[in-house]
> 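Could you have a look at this structure, given as structure tokens, before my questions?
Note on naming: letters A, B, ... go to the chains in the order of the sequence lines (proteins, then strands), and numbering restarts at 1 for each one.
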2 protein chains.
Amino acid sequence: MRAAIRVIARGGVSAATTRAIVSEAKMPLGAFHYVFTSRDELLSQVIRTVTDDERMAVELALPGEGATFEQVVVAALDAYLDLLIADPERELALFELAFYGMRSEPDLVGRQYGVYYREGEAILTQLATMCGLTWREPMPVMARRLVVVIDGVTTTWLADRDTPAAREFVRSVAPWIAASAVPVTA
Amino acid sequence: MRAAIRVIARGGVSAATTRAIVSEAKMPLGAFHYVFTSRDELLSQVIRTVTDDERMAVELALPGEGATFEQVVVAALDAYLDLLIADPERELALFELAFYGMRSEPDLVGRQYGVYYREGEAILTQLATMCGLTWREPMPVMARRLVVVIDGVTTTWLADRDTPAAREFVRSVAPWIAASAVPVTA
DNA sequence: TCCAATCTTGGACGATCGTCCAAAAAGCGC
DNA sequence: GCGCTTTTTGGACGATCGTCCAAGATTGGA
């Protein structure tokens, strides 16, 4: 299972053959269909379980004391960028899995993005309350906005690997996102 | 060539076998290696040539007379959304090709995104001058911003197919983008 | 200790892949 | 019409894929 993710990260979904996976896991070939009924079922399981927990978790990186909310947002997105740059193949694999799933099981991918949205909601509320703020727009709307931004930042950076440009983008969107947070009305 | 794109759009990169492509093109099997030296070379050619020209071109859709610049930006992004919704498999294929290329020929994908940026610059300048405006930030920065937004909108919609949410996002980012345009100083 | 039930394994099978190549088809000057 | 060059073709080959399964290893009760 973990081995399958490593294989996909290294060589893409097409490299995730039954033999490559069991070899990575140091298991005999027969063990594959002893655990999973088929290769497609394995990929389904992988898509279902490998939610990018780190992606959202790492965004709780805290800036220095007395920072503006905009700086807090920048710090969070910068922390995600650090994660992306440190392990690009992981994010690459996640997207490949999502695109693969869009063809075989579109509903599954839709549900998986629902998980992302909920994780995004949690992060956004933590960031806001940290600064005594609350979000003006409904949380589902804000969470989807965050996912759109992160997806865009990720795919574009994976393509051009232009780290300074990605940093610049983060600093330019942060005010827009932060502008949707208002002081909590007591 | 066109046949290869159709096959990829229908079944993904993994479905782009030599036999499937020549069958789609109604050509004999031998013709494949008579035209292309290998399958990888074909995919390289496809990535190189299939710039999403329509993507950028369609964004020149004009709103009614006397519209604010923000409304012009919304109309442009809405027009792209129409294109995406009308032919999702095309955009899906483009992303699959890009991700495939990131593993085999990263530099090629980077150059291809350079083409996107230049096309984005052209669109942005056209949109701005149409309203007697100019962009405050350098054009490469603005163009990359546009690509990040479009990539994010696309991947997220492909995953959740939530059209109203995508429309809402377009209306919420438009002010942020439009805010970088200022009246041309005579 | 021995047998039966269960779990585990690696080899085998059919399908399909990319690639090659000998032969057929098609031009073409004479 | 004929011989020669060039283009075009589909069958063949080796590799690799997902999947299956008979045989070997393991376990636990009598």
> Strictly below 4.0 Å, N to O, side chains only: are A:R10 and A:E24 in salt-bridge contact?
yes
> Tell me: CZ of B:F32 to C1' of C:dC20, nearest whole Å?
14 Å
> Taking the side chain of B:R39 as its heavy atoms from C-beta onward, which of C:dT19, C:dT9, D:dG18 lies nearest to it?
C:dT19
> Please pick, from C:dG18, C:dC13, D:dT8, the nucleotide with the shortest atom-to-atom distance to any side-chain atom of B:R19.
C:dG18
> Which nucleotide sits closest to the side chain of B:Y34: C:dT19, D:dT8, C:dT8?
D:dT8
> Between A:D162 and A:R167, is there a salt bridge with N-O shorter than 4.0 Å?
no
> Using the closest heavy atom to pick a nucleotide of DNA chain D for each, name whichever of A:T37 or A:A20 lands nearer the 5' end.
A:A20
> What nucleotide among C:dT19, C:dT9, D:dG18 has an atom nearest to a side-chain atom of A:P28?
C:dT9
> What is the distance, rounded to the nearest whole Å, between atom NE2 of A:H33 and atom P of D:dC21?
12 Å
> Scan A:T18 against the nucleic acid and name what it touches under 4.0 Å (heavy atoms): base, sugar-phosphate only, or nothing.
base
> Would you call the rings of A:F36 and A:F32 parallel, tilted or perpendicular, taking 30° and 60° as the class edges?
tilted
> Considering only side-chain heavy atoms of A:L29, which listed nucleotide, C:dT9, D:dC17, D:dT19, is closest?
D:dT19
> Exactly one of B:F99, B:Y100, B:F95 should register a ring pair (Phe, Tyr, Trp, His ring centres under 6.0 Å) with A:F95. Which one does?
B:F99
